[in-house]
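Beneath this line is the structure, given in structure tokens, with notes to follow.
Because the structure is a prediction, the values reported are computed rather than measured. We name chains A, B, ... by the order of the sequence lines, and we start the count at 1 in each one.
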Amino acid sequence: MTTSFHHSTGDLRLEVSGLGVVYANGHRALSGASFSLTGGTICGLVGPNGSGKSTLFKSMMGFVRPSAGVVTINGGPVREALKAQVVAYVPQAEEVDWDFPVSVWDVVLMGRYGAMNFLRRARLSDRLAVEESLRRVSLWEFRDRQIGELSGGQKKRVFLARALAQGGRLILLDEPFTGVDVQTEEAIIVLLRELRTSGCIIVVSTHNLGSVPEFCDQAVLLNKTVLACGPTASVFTEQNLTAAFGGVLRHFHFERSTIQSHDGRSVKIMTDDERPLVFGKDGHLEYKDREGRESLIDERRRRETEAER
Amino acid sequence: MNLYTEPWWELFGYEFMREALVVGVVVAAMAAVLSCFLILKGWSLMGDAVSHAVLPGIVLASMLGLPLAVGAFVAGLGCAVASGFVKRHSRLKEDTVLGVIFTGMFGLGLVLYSKAPTVLHLDHILFGNILGVSRAQVWQTALIGVGVLSVVLARRRDLLLLCFDERHARALALPATALHYLLLSVLALVIVVSLQAVGLLLVVAMLITPGATARLWTDSFDWMLVVAVVVAVVSSVSGIFISYYVSGSTAACVVLVQAAIFLLSLMGSRWRARRFRGARRVP
Amino acid sequence: MGMWHDLLVPLQYDYMVRAVVVSGLIGVVCGFLSAFVTLKGWSLLGDALSHAVVPGVALAGLLGWPLAAGAFLTGVLATGAMALIKVKSRLREDAVMGIVFTTFFAAGLLIISLTPGGVDRKTIIFGNILAIADRELLQVVVIAVVTLVVLGCKWRDLMLFCFDATQARTLGLPVVVLHGLLLVLMSATVVAALQAVGAVLVVAMLVTPGAAAHLLTDRFGRMMWVAAGLGGGCALVGAYASYFFDGATGGCIVTLQALVFGVVFLWAPRHGWLAERRRARGRSGSGKAQEVRL
């Protein structure tokens with residue numbers, strides 16, 4: 001799948017240590033935030049509105065000057081990583097001017113600008129990279145469309161293709177699943193997993209709690225600082241989420257299933273309206289389906305049998 | 001250069017000065033009240049656009065022998081309505097549409113003027129001529145001023161809601177469209193009346209700066225109205241005096257005094273903010 | 001025969017031919033730039049800049065400097081003032097711009113009114129291309145050529161900056177430099193266009209061609225050329241026509257541009273008002289004829 005101009009191999013490392021950001025108006029957006037990620041991984045960045053998610057993104061892109069701490073990518077400053085085309089950003093749909101007179105092809109080609117010469121004339125390698133990126137997100141047939149003429153899911157995929165064409169290895173996605181149908185959501189997740197396999201770090205900012213355990217290996221829980229980070233299952237505990245979201249989340253407790261009285265299992269649901277997050281009785285995470293979770297199930301069975309002994 | 005040496009209080013002895021001051025104060029108060037709404041609604045460019053767009057209306061009215069104010073009002077409102085229409089039915093941004101339409105109308109005004117066999121003084125329309133107002137104009141200004149002020153102040157809660165959150169205003173079943181056009185009409189009317197005092201090129205300053213200055217002083221809308229009016233009246237009166245003594249453009253002097261007050265307020269608000277933050281840091 | 005003869009009269013005068021050619025050149029440069037200005041949403045900034053250069057022109061006239069130098073200086077000063085006040089206050093951007101440009105403009109008018117022997121007020125406000133001096137002509141040509149060369153080299157970068165500054169930054173492009181470059185190009189063209197249409201109407205040259213072109217095409221490259229063509233064409237014809245309108249060159253050019261915009265708005269093949277209505281009727285008329293969007 002990967003070709004020479006795409007993601008060069010070698011472990012990518014993102015390190016955020018003691019990061020503090022204070023804006024000019026005195027607003028303290030982040031303080032003492034620390035975590036580190038090593039590629040390939042998909043990491044969910046979770047926190048309520050105003051928790052500093054976008055500030056953290058901006059720090060990783062070098063847009064805000066930290067008042068304390070530092071962000072390093074592969075051990076070097078963010079600026080060098082930007083010059084080396086390591087960081088790619090997929091914006092929220094609302095941030096884009098969809099009436100801008102550019103075609104799908106133009107947008108994806110823009111991902112190559114950093115690597116082009118002074119006049120930004122596309123070479124053959126640039127065209128090939130754009131074509132492959134468009135085919136990967138199955139938008140090749142739409143390359144001549146003006147971007148405003150696409151559906152919500154296609155719009156999202158255009159900007160993913162741009163990140164692919166850029167060859168970015170630290171890929172930042174801002175709310176990738178809002179306004180996107182289930183089919184596209186699944187297609188995007190498949191693509192993100194492929195990128196993970198090739199060693200990329202993918203950071204997904206989302207307020208959609210339920211989707212995080214489905215596809216994120218790791219999670220960073222944010223509220224003005226990093227409250228918890230690590231493997232999703234260990235971060236997504238009821239205590240952690242309550243600490244991060246406070247009263248923002250809705251809690252539903254079903255001590256006993258209301259429909260099947262013989263079923264003894266009880267579940268707890270926490271949701272911020274979109275996809276609910278489901279916990280089992282003893283606080284473990286429940287997933288949408290069993291496929292791909294065999295190892296988890298096996299481990300649980302083993303623990304249960306041990307406990308019975 | 002300085003030909004005038006009499007002390008300022010003696011200027012009140014001149015009829016033309018008294019009339020200029022009355023017009024200046026009324027216009028300043030009206031524009032200041034309106035500026036508070038425009039600042040909150042983000043309509044600074046709208047003020048700019050409507051003020052330029054009145055030109056063809058004035059020229060046409062004078063060609064047809066109609067009252068100039070009527071022509072100006074119709075043209076100003078026409079600009080706002082046309083911009084709204086084009087905005088709704090095209091992919092263009094609002095500021096672009098306004099820019100296209102108001103410059104087009106202003107250009108048309110100039111072309112018409114070049115062909116108009118009128119006694120119109122283009123200079124007076126563009127730059128104002130407050131020291132040469134007639135008695136009739138004083139009365140006209142005062143009447144319109146009182147009318148505008150009473151309507152706007154009576155409906156200020158509704159208008160404020162419209163500026164703050166138009167959708168909420170609609171949800172409350174307020175006649176949002178009617179209020180929208182009320183605000184636009186008042187804007188056009190104020191600009192028409194202000195032409196005499198400051199001219200159409202600088203009216204927009206009267207429609208932005210007082211409100212912005214007041215915004216720096218207070219968070220309460222009622223106080224904003226008060227501060228804006230005080231600032232505008234003070235700058236208007238002192239601007240008229242200054243322009244008399246330096247024999248420079250009156251409108252320019254008024255606008256520059258307003259700008260100076262704005263700058264002082266800005267520095268003052270920064271100082272207050274720093275002191276406040278400093279106090280908070282030490283509990 | 002007689003009518004044709006009348007129409008050719010303006011071209012018998014050297015000053016008219018010169019004015020028509022220079023206006024056309026300014027129109028083309030402004031047209032190119034207008035594609036960026038309209039898409040970046042900088043129309044108000046163009047208006048602000050065109051007013052803010054007035055005190056510079058007035059001072060330069062007094063001191064015997066090149067007008068372009070003075071204009072450029074106050075243009076940059078005003079931009080700096082806007083940025084500073086924007087950061088230091090919580091006022092909306094449009095209000096800040098309004099305050100700054102009216103202040104600069106008022107200062108310019110005051111300087112002019114205090115110095116009767118200096119630059120003519122009418123020249124600054126309405127331009128005076130018909131009587132342009134050789135020195136000013138040279139400035140205009142230099143500005144135009146430099147702007148065209150810079151745009152020719154860097155238009156792709158500037159397009160990306162207008163479309164998605166965040167992306168430009170993550171690609172490691174110098175966004176601050178691009179921002180400054182676009183501002184400088186705008187200030188320079190404002191100074192040039194001041195000669196043709198005057199301070200009040202400069203903004204039209206920087207907005208209207210781009211707006212019309214945006215309704216005609218869905219590709220940025222094409223939009224730039226269409227805007228340049230419209231801007232140049234309107235300026236040529238408008239300057240020529242001003243012979244019959246008492247020398248109101250600015251008024252003629254801008255009125256013509258607005259008329260062209262009106263035609264485009266109504267009849268643009270895909271994004272015009274009539275096309276939109278036709279589509280809307282087609283959609284409501286037969287329920288099946290909906291646009292298929294995959």
Side-chain angles (χ1 to χ4, degrees), chain B residues 1 38-39 42-45 47-48 52 85-86 89-93 95-101 103-115 123 126-127 201-202 204-205 207-209 211-213 215-216 243 246-249 251-256 258-259 262-263 266 269-270, chain C residues 37-38 41-44 46-47 85 88-92 94-100 102-103 105-110 112-114 121 125-126 197 200-201 203-204 206-208 210-212 214-215 245-248 250-259 261-262 265 271-273 276-277:
Chain B
M1 160 103 1
L38 298 189
I39 281 290
W43 263 11
S44 308
L45 183 56
D48 196 30
H52 284 82
F85 179 80
V86 174
H89 294 285
S90 77
R91 53 178 8 194
L92 300 172
K93 297 185 172 70
D95 60 333
T96 303
V97 173
L98 274 173
V100 170
I101 290 182
T103 52
M105 289 182 76
F106 191 79
L108 180 66
L110 291 182
V111 172
L112 287 175
Y113 182 79
S114 76
K115 284 286 162 197
D123 266 19
L126 297 182
F127 305 104
L201 293 182
L202 283 174
V204 61
L207 288 171
I208 299 174
T209 314
T213 310
R215 184 75 191 83
L216 295 175
S243 81
V246 303
S247 56
S249 152
C253 287
V254 172
V255 171
L256 286 174
Q258 280 185 349
F262 172 80
L263 208 58
L266 183 63
S269 74
R270 295 291 299 168
Chain C
V37 173
T38 47
W42 275 6
S43 310
L44 182 55
D47 196 29
I85 296 178
K88 298 288 178 195
S89 74
R90 54 203 165 143
L91 295 169
R92 298 167 73 123
D94 61 328
V96 173
M97 283 190 194
I99 293 168
V100 171
T102 53
T103 305
F105 192 52
L109 292 182
L110 185 65
I112 293 169
S113 72
L114 290 179
R121 182 158 77 181
I125 308 297
F126 301 121
V197 296
V200 179
L201 288 176
V203 63
L206 283 174
V207 172
T208 311
H214 193 191
L215 295 180
F245 287 93
D246 206 18
C252 284
I253 294 175
V254 173
T255 307
L256 195 61
Q257 285 185 338
L259 285 177
F261 174 83
F265 169 69
H271 303 292
W273 183 57
E276 184 194 280
R277 278 192 29 159

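C:Thr255 contributes a side-chain N or O that, together with a main-chain N or O of B:Leu108, makes up a donor-acceptor pair within less than 3.5 Å. One N or O on the side chain of B:Arg91 and one on the backbone of C:His214 form a donor-acceptor pair closer than 3.5 Å. Side-chain atoms of B:Ser114 come within 3.5 Å of backbone N or O of C:Phe245 as a donor-acceptor pair. Side-chain N or O atoms of C:Ser113 include one that pairs as donor or acceptor with a backbone N or O of B:Ser249 at under 3.5 Å.
Comparing C:Gly250, C:Gly98, C:Gly41 by how many heavy-atom pairs each has under 4.5 Å with chain B, the most go to C:Gly41. Heavy-atom pairs under 4.5 Å with chain C peak, among B:Leu201, B:Leu207, B:Val254, at B:Leu201. For the options C:Arg277, C:Gln257, C:Arg92, C:Met97, heavy-atom pairs under 4.5 Å to chain B are most numerous at C:Arg92. Ranked by heavy-atom pairs shorter than 4.5 Å toward chain B, the options C:Gly46, C:Ala248, C:Ala211 are led by C:Ala211. The most heavy-atom pairs under 4.5 Å with chain C, out of B:Asp123, B:Leu98, B:Val255, B:Val86, come from B:Val86. Ranked by non-hydrogen atom pairs under 4.5 Å with chain B, the options C:Ser43, C:Ala258, C:Ser89 are led by C:Ser43. Among B:Thr213, B:Leu110, B:Leu263, the residue with the largest count of heavy-atom pairs under 4.5 Å with chain C is B:Leu110. Between chain B and the residues C:Ile112, C:Asp246, C:Ile253, C:Leu206, the largest count of heavy-atom pairs under 4.5 Å involves C:Asp246.
Contact annotation for B:Ala212: both backbone and side-chain heavy atoms come within less than 4.5 Å of a heavy atom of chain C. With a threshold of 4.5 angstrom between heavy atoms, C:Asp47 approaches chain B through side-chain atoms but not through N, CA, C or O. Only the side chain of C:Leu91 comes within less than 4.5 Å of a heavy atom in chain B; its backbone stays farther off. The part of C:Glu276 that comes within reach of chain B is its side chain, from C-beta onward, which places non-hydrogen atoms under 4.5 angstrom from that chain. For C:Arg121, the part sitting under 4.5 Å from any heavy atom of chain B is the side chain, from C-beta outward, and nothing else. Contacts between B:Leu266 and chain C at a heavy-atom distance below 4.5 Å involve the side chain alone, from C-beta outward. Looking at B:Thr96, both its backbone and its side chain come within 4.5 Å of chain C, counting heavy atoms on both sides. Residue contact with chain C, scored on non-hydrogen atoms closer than 4.5 Å, involves the side chain of B:Asp48 exclusively. When heavy atoms are compared at a cutoff of 4.5 Å, C:Ile125 approaches chain B solely by way of its side chain, counted from C-beta outward.
Atoms CD1 and CZ, from C:Ile85 and B:Phe262 in turn, are 5.0 Å apart once rounded to the nearest 0.5 Å.
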C:Leu109 and B:Leu202: CA distance, side-chain angles, deciding distance, side chain to side chain contact (heavy atoms under 4.5 Å, CB included) verdict: CA-CA 10 Å; C:Leu109 292 182; B:Leu202 283 174; 3.8 Å; yes
Evaluate the criterion side chain to side chain contact (heavy atoms under 4.5 Å, CB included) for residue pair C:Phe126 and B:Leu126; output intermediate values, then yes/no. CA-CA 11 Å; C:Phe126 301 121; B:Leu126 297 182; 3.1 Å; yes
With side chain to side chain contact (heavy atoms under 4.5 Å, CB included) as the test, would you mind laying out the steps for B:Leu92 and C:Phe261 before giving the verdict? CA-CA 12 Å; B:Leu92 300 172; C:Phe261 174 83; 3.6 Å; yes
Report the C-alpha distance between B:Phe106 and C:Val203 in whole Å, list the side-chain angles of each, state the deciding distance to 0.1 Å, and finish with yes or no for side chain to side chain contact (heavy atoms under 4.5 Å, CB included). CA-CA 12 Å; B:Phe106 191 79; C:Val203 63; over 6 Å; no
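Nearest heavy atom pair, residue B:Ser90 against residue C:Leu215, reads CB-CD2, 4.0 Å. Scanning all heavy atoms of the two residues, the minimum distance from C:Ala95 to B:Ile208 falls at O-CG2, 3.6 Å. Residues C:Gly251 and B:Val111 approach most closely at C-CG2, 3.4 Å, considering heavy atoms. Across all non-hydrogen atoms, the minimal contact from C:Leu114 to B:Gly248 is CD2-CA, 3.8 Å.
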